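Below is one structure, written out as structure tokens, with a few remarks after it.
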Amino acid sequence: MEVIKSIFADRHCSFFLVVLLLASTMSLAIAEIHHHDFVVQATKVKRLCKTHNSITVNGMFPGPTLQVKNGDTLVVKVVNKARYNVTIHWHGIRQMRTGWADGPEFVTQCPIRPGGSYTYRFTIEGQEGTLWWHAHSSWLRATVYGALIIHPREGSSYPFTKPKRETPILLGEWWDANPIDVVREATRTGAAPNISDAYTINGQPGDLYNCSSEDTTIVPIASGETNLLRVINAALNQPLFFTIANHKFTVIGADASYLKPFTTSVIMLGPGQTTDVLISGDQLPGRYYMAARAYQSAQNAPFDNTTTTAILEYKSALCPAKCTTKPVMPRLPAYNDTATVTAFSGSLRNPRKVDVPTDIDENLFFTIGLGLNNCPKNARASRCQGPNGTRFTASMNNVSFVFPSNIALLQASQQKVPGIYTTDFPAQPPVKFDYTGNVSRSLFQPVRGTKLYKLKYGSRVQVVLQDTSIVTPENHPIHLHGYDFYIIAEGFGNFNPKTHKSKFNLVDPPMRNTVAVPTNGWAVIRFVADNPGVWLMHCHLDVHITWGLAMAFLVEDGIGELQSVEPPPADLPVC
């Protein structure tokens, strides 16, 4: 009897081993490893009648679109053949324990020097939808960017009818100059940088600009089709409205998180944000402009007021006769139409009830906004060309962030290198004031520092992001690296914890990686600090991060290997 039991137990054990092996083999077969080579190089790019030596990836502008499935691993070798330092950020990828692959210069890595290379390795875990990648060094992302599409894992599908076609729509911003020269000049003078000369859709300005109509982007559609547009705001400094003449959008996702579908004729994206929309080929066959132009919330600040267009073109038998006509132009909101922005962001809902963190461990309140530094003693007037002889700056909680220059923050933290940063970033503004009112000039000049805020692994975090009217109120797209978060409330004026708690959506708030904090207003976000490492939080208007509108969270390791930062890769660039 014991022998029979033993044989049965052995067979039972073998059976389970076989099942486990099969399961792991199947999961390995389903999850793929994608290898790519990115060569960063100067490429001749002609726009607006003029040829520039623009920095690109693989000679493409925009750069290559990466297509993966949820669960896949990306291995991207970046070779720098340009004359500038470069890093690549995989915007919105959680990077669980793989902070070394996140990409912001001097935060998670030293830059890839000219002639150098670095291989980014990371796995996509539990994310589906539209993200993107871009340079995270100086202003190189003006031309170094591309789409990163995450499809459902093998065997699962979209939570909506599969579209006939999918088209990435990358909204960009073009300078008729070298963008690096533009930011260097602004840094030298202390003034605001020159505004862009055009916006682009998939790298092309479109019919409304000089020397541009021959290369206008064409997006095909057929009568009766439902197509998916994956819209990405890759512009450097400008929130943008986007619409298509005579067509409605069904919004179904943002920042690689699904949304409860809703219909609108216009969407607004801050730089860094993505929005997935379905469009139907339900109009008369013909040609219709899709268009993007600025949402400008900063008062009296110069901005690029041009309009970029592409053409939605019906592929049908009737079209050749009709398609010689000029495309139909859509109506776009006014540049300062904050009401449309508010209605749009207020429509974003999670498709299901979600587990929003409660019993908050870290209750943080961060002011965000601009500032003006007094002209340094003995400085020439040419170095202080901001308002009234000052230099522009920006800050969070009155700290203007200073990036290290000889080691990355993640390296300093892991190797316990002293003197690189402090962990005293303030949890609240050092001075309480009427944030959106008439602010005293004495509060215009922040302190400089490399201050981090330490979070225990697993802590439940709430951050109130409060815009200020220092210099000018503005809609700030605030991006948190390494995390998605729930946006549980937004509003105008000064946040009031007593009265505004009633506005908190703890049932179905949208999940995002970049929140457009309302101009002269506030937003409340929540997340669980379950990803150890050093994670930058910053304004995605690159002019503002240049001025110091940033901070970083230092999330401590938890218990054991699976709650700790992985060891650094052997080819991590040295400073």
Side-chain angles (χ1 to χ4, degrees), residues 138-139 142 173 175 177 179-196 236-239 271 294 296-305 336 366-405 425-426 429-451 465-478 494 517 519-521 537-551:
S138 185
W139 275 21
E173 199 168 5
W175 274 260
I180 304 297
D181 293 344
V182 173
V183 67
R184 284 179 176 173
E185 174 70 0
T187 302
R188 188 183 66 76
T189 64
N194 289 344
I195 58 172
S196 55
L236 213 65
N237 292 320
Q238 192 64 55
Q296 178 64 9
S297 59
Q299 295 148 359
N300 305 319
F303 69 100
D304 178 350
N305 64 1
N336 62 352
F366 294 173
T367 55
I368 54 174
L370 306 185
L372 297 171
N373 281 331
N374 295 332
C375 198
K377 278 181 185 168
N378 307 322
R380 293 179 186 168
S382 63
R383 295 191 62 82
C384 301
Q385 293 183 36
N388 303 316
T390 58
R391 291 178 59 84
F392 272 108
T393 184
S395 67
M396 297 177 78
N397 273 359
N398 203 47
V399 179
S400 188
F401 194 77
V402 179
F403 290 84
S405 57
F425 185 86
V431 178
K432 288 189 168 41
F433 57 97
D434 179 5
Y435 308 113
T436 54
N438 198 0
V439 182
S440 161
R441 186 70 180 74
S442 64
L443 294 172
F444 276 42
Q445 188 158 310
V447 298
R448 284 164 53 84
T450 311
K451 295 175 184 285
L465 294 161
Q466 173 72 60
D467 186 30
T468 74
S469 56
I470 295 174
V471 184
T472 176
E474 190 166 358
N475 183 295
H476 294 276
I478 301 295
N494 299 337
V517 178
T519 180
N520 242 338
M537 181 187 244
H538 66 94
C539 182
H540 220 278
L541 307 177
D542 275 30
V543 57
H544 291 176
I545 191 174
T546 305
W547 289 339
L549 212 168
M551 59 80 64

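Fair warning: this is a prediction, and the values are worked out from it, not measured in the lab.
Partners of Thr472 under the side-chain hydrogen bond (donor to acceptor under 3.5 Å, both in side chains) rule, at least two apart in sequence or in another chain, do not exist in this structure. With sequence neighbours excluded, the residues satisfying side-chain hydrogen bond (donor to acceptor under 3.5 Å, both in side chains) with Thr546 are Trp139. Every residue was checked against the side-chain hydrogen bond (donor to acceptor under 3.5 Å, both in side chains) condition with Ser395, not counting sequence neighbours, and none meets it. Evaluation of the ring pair (Phe, Tyr, Trp, His ring centres under 6.0 Å) rule for Phe444 yields no partner, not counting sequence neighbours. Residues that satisfy the side-chain contact (heavy atoms from CB on, under 4.5 Å) test with Asn494, not counting sequence neighbours, are Asp434, Tyr435, Thr436, Gln466. Asp542 meets the salt bridge (Lys or Arg N to Asp or Glu O under 4.0 Å) test with Arg141; sequence neighbours excluded. Residues that satisfy the side-chain contact (heavy atoms from CB on, under 4.5 Å) test with Asn305, not counting sequence neighbours, are Phe303, Tyr335. With sequence neighbours excluded, no residue forms a side-chain hydrogen bond (donor to acceptor under 3.5 Å, both in side chains) with Thr450.
Looking at Asn237 and Ser196, their side chains never come closer than 4.5 Å, going by heavy atoms from C-beta outward. Contact check for Met537 versus Phe366: side-chain heavy atoms found under the 4.5 Å cut-off. Taking 4.5 Å as the limit, every side-chain heavy atom of Asp181 sits out of range of all side-chain heavy atoms of Trp175. In this structure, Asn398 and Val431 have side chains that are not in contact, with every pair of non-hydrogen atoms separated by 4.5 Å or more. Counting only heavy atoms from C-beta outward, the side chains of Asp467 and Asn475 never approach each other to under 4.5 Å. Looking only at side-chain heavy atoms (C-beta outward), Ile368 and Met396 come within less than 4.5 Å of each other. Residues Leu541 and Glu474 are in side-chain contact: their nearest non-hydrogen atoms beyond the backbone lie under 4.5 Å apart. Side-chain contact between Asn520 and Ser469 is present, with at least one heavy-atom pair separated by less than 4.5 Å.
With rounding to the nearest 0.5 Å, the separation of NE2 in His476 from OG1 in Thr468 is 6.5 Å. Note: Ile470 CD1 to Arg441 CZ = 10.0 Å, rounded to the nearest 0.5 Å.
Under the ring pair (Phe, Tyr, Trp, His ring centres under 6.0 Å) criterion, the residue pairs touching residues 371-393 are Phe392-Trp547, with sequence neighbours excluded. Here salt bridge (Lys or Arg N to Asp or Glu O under 4.0 Å) pairs that include residues 185-196, with residues two or more places apart or in two chains, are Glu185-Arg188.
Residues Thr519 and Pro473 come closest through the heavy atom pair OG1-C, 3.5 Å. In terms of heavy atoms, Leu236 sits closest to Glu173 at N-OE1, 2.9 Å. The minimum heavy-atom distance between Pro426 and Val399, with the atom names listed, is CD-CG2, 3.9 Å. Closest non-hydrogen pair, Pro429 versus Thr367, comes out as CG-CG2, 3.6 Å. The two residues His544 and Cys539 come nearest to each other via the heavy atoms ND1-SG, 3.6 Å. Across every non-hydrogen atom of Leu465 and Val517, the tightest pair is O-CG1, 3.7 Å.
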Exercise answer: donor-acceptor pairs, residues 371-387 side-chain atoms, under 3.5 Å, sequence neighbours excluded:
from   : atom 1 : to     : atom 2 : distance (Å)
Asn374 : ND2    : Gln445 : OE1    : 3.2
Gln385 : NE2    : Ser382 : O      : 2.8

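Formation of a donor-acceptor pair under 3.5 Å by the Asp304 side chain with backbone atoms of Ile195 is not found in this model.
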